[in-house]
Structure formats: C-alpha cells, structure tokens
Amino acid sequence: MRAGTYRPQRTRSDAGRGGRAGPGGPQATLPALRRGLGDRFLVLVGMMGSGKSSVGRRLGRALDLGFVDTDAEIEKAARMTVREIFETYGEPHFRALEERVVARVMAGPPSVIALGGGAWLSDATRRLVRERGLSVWLDVDIETLVARVGRRTSRPLADGDARGKLAALDAVRRSVYAEADVSVRAGDLPQEAMLARVTAALATHLGGPAGRTPPA
Ligand SMILES: Nc1ncnc2c1ncn2[C@@H]1O[C@H](COP(=O)(O)OP(=O)(O)O)[C@@H](O)[C@H]1O
Ligand SMILES: O=C(O)C1=C[C@@H](OP(=O)(O)O)[C@@H](O)[C@H](O)C1
Ligand SMILES: [Mg+2]
C-alpha cells in the first residue's frame, strides 16, 4: 500500500444475530463510525426488499447524517411513481433518471443513500460511489426478499412470478453487488438487529470497534 493511502480491507460480516460492535454495543461505536466515514457518503446497495430504504433511514438517524432514497428523489423530480415511469417511458429512461439523481445527490453534502436495487449496475454510479462513498451490500436471501416484496405492487420488476424474477435478477447482479466495500449477509432479521449488524460490519471495516480516522 502506498504511504498515506487509506485502503481498508473488504469486509464480510457474518457476525451473530444482531451483530456485536464492541463492549458498549452498537451505540458505543456510532460516533467512531461517523468519524471514520469522514466526508464520504454511506451508500446501501442490494436487491429489492433487502431493506436499503428502511435500514438507511435508521442509519441516517443513528449517525446524525441526512438520508436520501434515490427512488423517492426520482419520484419527486418526475412527479410520477417508479411504476408509472417504467410503464410510460420504459426501464432505460428510468435508469437514465436514476443515474442523474445519484450524481446530483452525490454533488451535495454527505448523507446515507439508499440506492434503488438496479442503480448499482451503472458503471458511472459505481465509479462515483468509489470516489466519494463507502458502499454496503445488504445480501439478503431470496425467501426473505419474496416475503417482503411479493405482495406489494410498487416494484414493476417483481410483477407476476416474484420469486422467479427476484432469483433471476439476484443471479445476474450478485457479482456486481459483491464489488461493494462491505458485505452484510442476513436473513429475516428484525430492523433493529439489521441495523446493529450493519454498524458492526462498518466498525470492523473502519478498523475495529473504536473505529479509525483515515490519515489526511
Ligand atoms: N428487517 C426487516 N424486517 C421485516 N420487514 C422489513 C425489514 N426491512 C424492511 N422490511 C420491509 O420490507 C419492505 C422492503 O424494505 P425496503 O426497506 O423498502 O427495502 P429496499 O429499499 O431494499 O427495497 C418494506 O415494506 C419494509 O417495511
Ligand atoms: O432492483 C431494481 O431494479 C429496482 C429496485 C427498486 O428499488 P428498491 O431496491 O428500493 O426496491 C426500484 O428502483 C425499481 O423498482 C427497480
Ligand atoms: Mg428502497
């Protein structure tokens, strides 16, 4: 490693249910995580239903950072729902909007960002996140995704045979999600336990429970 280059190792968290983040528990690590993050964005990636939006909102609050959901930003900008955009203009148009929204958000102040599940497939978005962010893959099993997404109507790519469609997308996308800086593998954990697991994985990635501030 070049002198002065901060390059933490990639991390896969298989910590126990709920995760452990040092003697004081997850709460104790939050200020250290905030410091370790510096001026980077914290960017959540993963399949539909993995909990990016839910965990992201909680992480933003826990770290005292703003929270941005790219789907919500797209809907605000387009004054249409994600489904309406897909149905009216098609997926390529949605992807172009998504790329623009991510770039706009990442030109602003650091925050926690929940990407839509397909946003990470964009080369431009991954490049931007590598430059300005720390990425976390929520790697959640298909059965859990289906249970969360299958009965909802807001995700056009899961229409009909949700299990089949999610499994096919997951198979294609896994290797790209795996490029994220940190991977958090989880089943159907309650939201607080998921949050604890993510903060534990981040603490490990950033240099242990005490966290570590990157050298200037
Ligand atoms: N840990 C969890 N346990 C149970 N339900 C969850 C959990 N995380 C998210 N959900 C629910 O699953 C659905 C998808 O979660 P969401 O956060 O929107 O995921 P994503 O943004 O990755 O698609 C939402 O209805 C949400 O309330
Ligand atoms: O995986 C995908 O391609 C998509 C995921 C959705 O966001 P969530 O991952 O937040 O559900 C939304 O952007 C759109 O329906 C497409
Ligand atoms: Mg979401």
Side-chain angles (χ1 to χ4, degrees), residues 13 17-19 26 42-62 67-78 80-102 105 111-122 125-126 129 135-177 180 183-201:
S13 167
R17 302 225 143 210
L42 187 58
V43 182
L44 300 181
V45 311
M47 285 289 292
M48 295 171 244
S50 57
K52 303 176 297 293
S53 300
S54 315
V55 171
R57 183 173 301 283
R58 283 163 188 259
L59 261 177
R61 237 177 304 167
F67 168 68
V68 180
D69 186 301
T70 60
D71 284 336
E73 290 299 308
I74 292 166
E75 291 188 335
K76 233 192 299 174
M80 295 169 88
T81 64
V82 167
R83 171 173 292 284
E84 284 167 347
I85 299 168
F86 266 78
E87 288 175 352
T88 309
Y89 301 113
E91 181 171 350
H93 182 85
F94 176 81
R95 296 302 174 199
L97 282 178
E98 189 170 52
E99 231 173 53
R100 284 213 298 277
V101 160
V102 174
V105 170
S111 58
V112 176
I113 302 177
L115 291 182
W120 186 244
L121 278 293
S122 151
T125 292
R126 289 201 308 286
V129 174
S135 50
V136 181
W137 173 26
L138 305 186
D139 180 10
V140 173
D141 67 276
I142 296 288
E143 289 313 309
T144 300
L145 300 180
V146 173
R148 291 181 188 165
V149 163
R151 58 184 178 276
R152 291 187 174 75
T153 56
S154 54
R155 294 175 177 88
L157 295 183
D159 282 348
D161 173 18
R163 175 177 279 97
K165 292 202 175 158
L166 289 168
L169 283 175
D170 185 63
V172 169
R173 292 176 175 180
R174 291 191 73 74
S175 64
V176 190
Y177 289 143
S183 300
V184 178
R185 196 180 215 157
D188 185 19
L189 295 181
Q191 297 206 16
E192 280 307 318
M194 191 64 189
L195 177 67
R197 192 175 279 212
V198 171
T199 55

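Remember, it's 1-based here, ligands and their atoms both numbered in the order they're listed. All values reported here derive from a predicted model rather than from experimental measurement.
Between Asp188 and Arg148 there is a salt bridge, since a side-chain N of the basic residue sits under 4.0 Å from a carboxylate O of the acidic one. Note on Asp71 versus Arg155: no salt bridge recorded, every NZ/NE/NH1/NH2 to OD/OE distance being 4.0 Å or above.
Remark: Arg174 CZ to Met47 CE distance equals 9.5 Å, nearest 0.5 Å. Note that NE2 of His93 is 12.5 Å distant from CD of Glu91, once rounded to the nearest 0.5 Å. Separation of atoms OG1 (Thr144) and CG (Leu138) is listed at 12.5 Å; rounding is to 0.5 Å.
Ser54 lies apart from the Mg ion (ligand 3) in this respect, since none of its N, O or S atoms is found at a distance under 2.8 Å.
With a 4.0 Å heavy-atom cut-off, ligand 2 is reached by the side chain of Arg95 but not by its N, CA, C or O.
Of the protein's non-hydrogen atoms, Ser54 OG, 3.7 Å is the one closest to atom 26 (C) of ligand 1. Given atom 1 (N) of ligand 1, the protein heavy atom at minimum distance is Leu189 O, 2.6 Å. Of the protein's heavy atoms, Ser53 OG, 2.8 Å lies nearest to atom 21 (O) of ligand 1. Nearest protein heavy-atom neighbour of atom 11 (O) of ligand 2: Arg155 NE, 2.6 Å. Summary of contacts: the protein heavy atom closest to atom 14 (C) of ligand 2 is Val82 CG1, 3.8 Å. Nearest non-hydrogen protein atom to atom 18 (O) of ligand 1 is Arg155 NH2, 3.1 Å. Shortest contact from atom 7 (C) of ligand 1 to any protein heavy atom: Arg148 CZ, 3.5 Å. The closest protein non-hydrogen atom to atom 7 (O) of ligand 2 is Asp71 OD2, 2.7 Å.
Crowding of Arg163 atom CZ: a count of heavy atoms from other residues, nucleotides or ligands under 6.0 Å not exceeding 12.
Residue Gly49 has at least one nitrogen or oxygen atom sitting less than 3.5 Å from a nitrogen or oxygen atom of ligand 1, judged on distance alone. Checking only distances, Leu115 never comes within under 3.5 Å of ligand 2, N or O to N or O. Considering backbone and side-chain atoms together, Met194 places no N or O closer than 3.5 Å to any N or O of ligand 1.
Proximity annotation for atom 22 (O) of ligand 1: of Met48, Arg58, Lys52, Lys52 comes nearest, heavy atoms only. Scanning Gly118, Ser50, Gly51, Ala114 for the heavy atom closest to atom 2 (C) of ligand 2 points to Gly118.
Counting atoms of ligand 1 from 1 in the listed order, those under 4.0 Å from a heavy atom of Pro190 are 1 (N). Contact atoms of ligand 1 toward Met47: 22 (O) (distance under 4.0 Å to a heavy atom of the residue). The atoms of ligand 1 that sit less than 4.0 Å from any heavy atom of Gly51 are 16 (P), 17 (O), 19 (O), 20 (P), 22 (O). For ligand 2 and Phe94, the ligand atoms under 4.0 Å from any heavy atom of the residue are 13 (O).
Minimum heavy-atom separation, Pro156 to Phe86: CG-CG, 3.5 Å.
A donor-acceptor pair under 3.5 Å links the side-chain atoms of Arg126 to the main chain of Trp120, judged by distance alone. Between the side chain of Tyr177 and the main chain of Asp170, no donor-acceptor pair closer than 3.5 Å is present. Here the side chain of Lys52 pairs no donor or acceptor atom with the backbone of Trp137 at under 3.5 angstrom. Proximity of a side-chain donor or acceptor of Thr70 to a complementary backbone N or O of Gly116 within less than 3.5 Å is detected. For Glu75 (side chain) and Val82 (main-chain N/O), a donor-acceptor pair under 3.5 Å exists by modelled atom type.
Residues Met48 and Leu145 fail the side-chain proximity criterion, which asks for heavy atoms closer than 4.5 Å.
Assignment of Ala114 to the shell around ligand 1 is not supported, since no heavy atom sits closer than 4.0 Å. The shell of residues lying under 4.0 angstrom from ligand 2, judged by heavy atoms, includes Arg173.
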